[in-house]
K.L.:
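Quick one: the structure is below, and I'll ask about it shortly.
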Amino acid sequence: VHAARLPRRFWVYWLVLLLGSGVEWCIVFWGATFFEQGVGFEKATAASTMSIFFGAIVIGRFVGSRLARHLPSHTILLLAQGITLIGFPLFWLAPYGPLNVCGLFIAGVGIGNFYPMALATAVGTAPHLPEQVSARLTLAMGLAGLIAPVLLGWLADRMSIQQAYGIVLPLLLVAGGLNLATKRELFSKA
C-alpha cells in the first residue's frame, strides 16, 4: 500500500513552521546571552528578563485562541508574523535596555502563535492524513530546535551576538513571505 502524498501547500507550511520555530528557538536559547553581552544587563537580570518572553508567548496564544473563533488560522499566523516583525527589530537593535525588553515582549506575543496556527493551517491542507502531517511537523520542530540556535551560536563565536542575531530577520521574512504567497493561492495546487 502506497502512502498518500501530502500536497505542495502542506510543504510550504512545513517550511513556514520550520523557519518560525527557528526564530523561537534562537530567542529562547540566546536571548539571555544577548541581554548580557549585547544590551549590558547583569547575568541574573538577563536570565530573569527572558521570563517576559515566555509570559508574552502565553498571552499571544490566549489572544490567538480567541481570534481563531473568528479568523482563519493562516490569517492569524500572518498577523503573528507581522507582530513579530515589529517586535524583533526592537528587541535586536534598540539602543536602550527597556526598549529591547519591550521588543522581546512584542516578539513573544507574535511568536506565541507560530506553532499553533502553522500547525492548524498545515493540518487543514491534508485533513485526511493526520498521522503523516503530525509526523512531518514534529520533524520540522525538531530540526528547527537543532539547527537554528546552533547556527546562531556558531555565528556568535565568529562575531558579536548582536551581529549573529541578524540571521533571525531573514527567517522571519521568508516565513512571512511564504505564508502570504500561500494565502494568495500561489501554492494551492497539489
Side-chain angles (χ1 to χ4, degrees), residues 1-29 31 50 53-88 104-152 167-190:
V1 176
H2 293 282
R5 290 182 58 184
L6 292 164
R8 185 179 325 157
R9 192 176 187 129
F10 166 81
W11 291 107
V12 173
Y13 280 108
W14 184 91
L15 189 55
V16 168
L17 181 64
L18 175 79
L19 297 171
S21 295
V23 169
E24 182 176 354
W25 284 114
C26 283
I27 294 174
V28 167
F29 270 82
M50 288 306 296
F53 181 68
F54 300 111
I57 287 175
V58 171
I59 291 167
R61 287 195 179 165
F62 177 79
V63 171
S65 70
R66 299 303 176 257
L67 288 174
R69 296 176 183 172
H70 309 288
L71 297 171
S73 56
H74 65 271
T75 300
I76 299 169
L77 179 58
L78 198 56
L79 288 169
Q81 290 167 326
I83 290 168
T84 306
L85 276 169
I86 292 167
F88 177 76
L104 177 71
F105 178 82
I106 294 167
V109 168
I111 288 170
N113 283 294
F114 281 12
Y115 176 73
M117 295 307 149
L119 175 69
T121 305
V123 167
T125 67
H128 57 291
L129 300 170
E131 294 86 8
Q132 283 186 13
V133 166
S134 178
R136 300 318 184 277
L137 293 174
T138 300
L139 176 64
M141 290 289 296
L143 286 173
L146 178 68
I147 296 169
V150 171
L151 177 60
L152 195 149
I167 69 163
V168 172
L169 197 53
L171 296 177
L172 275 171
L173 290 172
V174 171
L178 287 170
N179 187 28
L180 187 59
T182 304
K183 185 175 164 96
R184 291 184 175 198
E185 306 298 326
L186 296 178
F187 296 101
S188 63
K189 301 210 170 156

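Counting begins at 1 with the first residue of the sequence.
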K.L.:
Is the shortest heavy-atom distance from the side chain of V28 to the side chain of F54 under 4.5 Å?
P.N.:
yes
K.L.:
What closest approach, in Å, do A68 and M117 show between heavy atoms, and which atom pair accounts for it?
P.N.:
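Answer, listing the atom of A68 first, then M117: CB-CE, 4.2 Å.
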K.L.:
Decide side-chain contact (heavy atoms from CB on, under 4.5 Å) for L137 and F10; before the verdict, give the C-alpha distance in whole Å, the side-chain angles of both, and the deciding distance to 0.1 Å.
P.N.:
CA-CA 10 Å; L137 293 174; F10 166 81; 3.9 Å; yes
K.L.:
Can you list everything that forms a side-chain contact (heavy atoms from CB on, under 4.5 Å) with L129? Sequence neighbours excluded, please.
P.N.:
A4, L6, A126, Q132
K.L.:
When the side chains of residues 13-25 are checked against the rest of the protein, which donor-acceptor pairs come out under 3.5 Å, sequence neighbours left out?
P.N.:
| residue | atom | partner | partner atom | Å |
| --- | --- | --- | --- | --- |
| Y13 | OH | N179 | OD1 | 3.0 |
| W14 | NE1 | R136 | O | 2.6 |
| S21 | OG | L17 | O | 2.9 |

K.L.:
When rounded to the nearest 0.5 angstrom, what is the spacing between CG in L172 and CG in L85?
P.N.:
5.0 Å
K.L.:
Check whether any side-chain heavy atom of V109 sits under 4.5 Å from a side-chain heavy atom of V63, and report yes or no.
P.N.:
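When only atoms from C-beta onward are counted, V63 and V109 do not touch, as no gap falls below 4.5 Å.
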K.L.:
Quick one: does L119's side chain get under 4.5 Å of V133's, heavy atoms only?
P.N.:
no
K.L.:
Enumerate the residue pairs fulfilling side-chain hydrogen bond (donor to acceptor under 3.5 Å, both in side chains) with a member in residues 105-123, sequence neighbours excluded, ordered by first and then second residue.
P.N.:
S73-T121
K.L.:
Drop me the distance from Q81's CD to I86's CD1, to the nearest 0.5 angstrom.
P.N.:
12.5 Å
K.L.:
If we only count heavy atoms from C-beta on, is the L67 to T75 side-chain gap below 4.5 Å?
P.N.:
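Side chain of L67 against side chain of T75, heavy atoms only: no contact under 4.5 Å found.
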K.L.:
Which heavy-atom pair separates C26 from P149 by the least distance, and what is that distance?
P.N.:
SG-N, 4.1 Å
K.L.:
Show the nearest heavy-atom pair for residues R66 and F62, with the distance to one decimal.
P.N.:
NH2-CE1, 3.1 Å
K.L.:
Which value, rounded to the nearest 0.5 Å, describes the distance between M141 atom CE and L146 atom CG?
P.N.:
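It comes to 13.0 Å.
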K.L.:
What's the separation between atom CG in L180 and atom CG in L77, rounded to the nearest 0.5 Å?
P.N.:
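Output value for this atom pair is 11.0 Å.
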K.L.:
Are any of the side-chain heavy atoms of I111 and F88 separated by less than 4.5 Å?
P.N.:
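Contact flag for I111/F88 side chains = no.
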